[in-house]
Amino acid sequence: MAGWPAVLDELVEKRRPALVGYAYVYTGDVAAAEDLVHDAILRTFSKPRGLVAVPQAEAYVRRAIATIFVNGTRRHRRFVERMHLLAEPESDAVPDSPVGRDEVHEALLGLSPRERACAVLRFYEDLPVAEVAEALGISHGAAKRYLSDASVKLRERLGPRLGLGDEHRGAPVGGPGAGKRGK
Amino acid sequence: MGDIRESIDRIVERGQRAYAAAGPPAPDSAFYARRARRAVRARAAALAAGGVAAAALAVLAVMAVLPRPGGSVEPAGRPGSPVWRSDVGSEMFGTPLVSEGRLYVGADDGRVRALDLADGSEAWAFDAGGPVRGAITTDGRLLFALADDGVLHAVRDGGTAAVPEWRLDLADTVVLRGVYDAYGSAPVVVGDALVLGTADGVVHAVSARDGGLLWSFRTGGPVRTSAAVGDGVVFVGSDDGFLYALDPATGAELWRHGFGQPVTASPGFHDGVVVAGSRGTEVRGLDAATGEVLWRHSLAPSWAEASPVFVDGLAVFGSSSAGMVTAVDARTGEERWQAFVRGWPWARPTEADGVVYAVTVLTGDAVSWPYTVYALDASTGTPLWQAATGDALEWEPDGRSVGALAGPVVADGLVVVAGLDGFVTAFAAGSAPPGQSPGP
């Protein structure tokens, strides 16, 4: 078993792109995603947690990404250490178009931060509602409500074509698109 | 059609590809290891000392050694206390307007308020129907406010109420804001016209008298800046990365200058020079007649989110994460002084009687530093005093935030700040902290 420095080393060197990709789902912006990953790594390794394996550490970092995103407590890098990431040099050329996003990402980014985090943790990470609530430090009822709201909004935006499951269906909202469906 | 998990997988992959293609250099694992050991040591020391206070001190100790780009860590001035505070109850981003003993300010609750400058009491509030994030302006007869929904309102101060004169719906597009898109365009009076920008990327000129549309000019991105006017030309920045010089009579483009990054701070004009920054790293001085770059001042690695005020031939502007206010010769760009302040001094500073007033917004760790209003000696940048405003109500690029994004105004011996805390706060203007005599 490796000690935490070796785990940290492998996590940072090999898993950071995947973590940035994961954070990008939340932020819709690569620089902000990298910021989020930075803070999540700092948070994960700022306490002795007995981290001896990369998958275990990565799970911590992913939870930290969700909670930091929701709670908005990103710290060090924003103010001082990530200054170089905030700014990009000018060019006199015509600016490039922003990185394209697909419809699903736009729909996710249209959710509130808590709805988005609940949706990603439940529908992508496949966490039970109780663990979604625990990861985000909110009540079970609140997590269900956010998931329900997120589901309704995603269906309204994307139509009844994504497998969101039925367990978090709230009271019907809107027209026939809000009706129950199975996958 | 795949399910949500597959869709998100594709988003993750896209993020990975974008990071791999354009990701900036990131700290290595040794950096994180050092930080982790430091945090663990600080935590252990705090626990050994036994208490929340010790823990807070440990955090502050770590903060205090965070590198800053030269200069002092904190200003030497003393805290000032307010003369009055008026509870608006909603964040304010637009610089207030002072006219004839009244202060007018827009807020995120969609209301434009008139306050008595003497004591901050509210005379009236006008519902603009959407957040008003630009400054309130006047032509001496009417007050003008642009709401986020693209409606321009013209009202008259009727003493105890605002009297609507006309309104003009300028855009179908409501302003959509990312985390840093704090500001909104404000109408600027140019002769008998108002010039302003909207979220659909259009610069409009409107008759101040009756709201008739005079001309419009389309840019390639939302226009969140307010125009500068000089030498008979209108200068306005767009999120498309260009600063445009327009003919105020026709809206014809005279020249454009590409910053390559969104021009999110309002430009300034002084003596034939347009001074503007962007979400790049340079503040630039441009020849107002041609758009030629006369000088560049780098704030790297910070954004140059900086609107200038001009003081005795100096252009004085803030920054973003660099946390400093800078004065350069407006003609040559030669640096005269820099003052370090805690936080991001995004707003346009103001100056009166040899004192520059600047405000900052703070987030994250920085919230342990309470002061966000700074008085600086205009000729040297020396900090004279500093003062606090409260926490933000909702605006949170990074979580909890404090301070002000609206520029300060000085009138009748007061420096007035419209804060993110939902209060308008007035301090005694001058070189000494309010209620105190000047230091030795």
Are more than 12 heavy atoms from other residues, nucleotides or ligands located less than 6.0 Å from atom CD of A/Glu134? no
I'd like to know whether CZ of A/Arg62 has more than 12 heavy-atom contacts from other residues, nucleotides or ligands below 6.0 angstrom. yes
Below 4.5 Å, heavy-atom pairs only: which of A/Ile41, A/Val120, A/Leu108, A/Thr44 has the largest tally toward chain B? A/Ile41
Rounded to the nearest 0.5 Å, how far does CD of A/Glu125 lie from CZ of B/Arg5? 9.5 Å
If I take atom OH from residue A/Tyr124 and atom CG from residue B/Asp3, how far apart are they, to the nearest 0.5 angstrom? 11.0 Å
I'd like to check B/Arg14 versus A/Asp102 (side-chain heavy atoms, cut-off strictly below 4.5 Å). Are they in contact? yes
Less than 4.5 Å to any heavy atom of chain B: does that hold for the side chain of A/Pro5, its backbone, both, or neither? side chain
Given a strict heavy-atom distance threshold of 4.5 Å, which part of A/Val25 is in contact with chain B: side chain, backbone, both, or neither? both
Which region of A/Ala18, side chain (C-beta onward) or backbone (N, CA, C, O), has a non-hydrogen atom less than 4.5 Å from a non-hydrogen atom of chain B, or is it both or neither? both
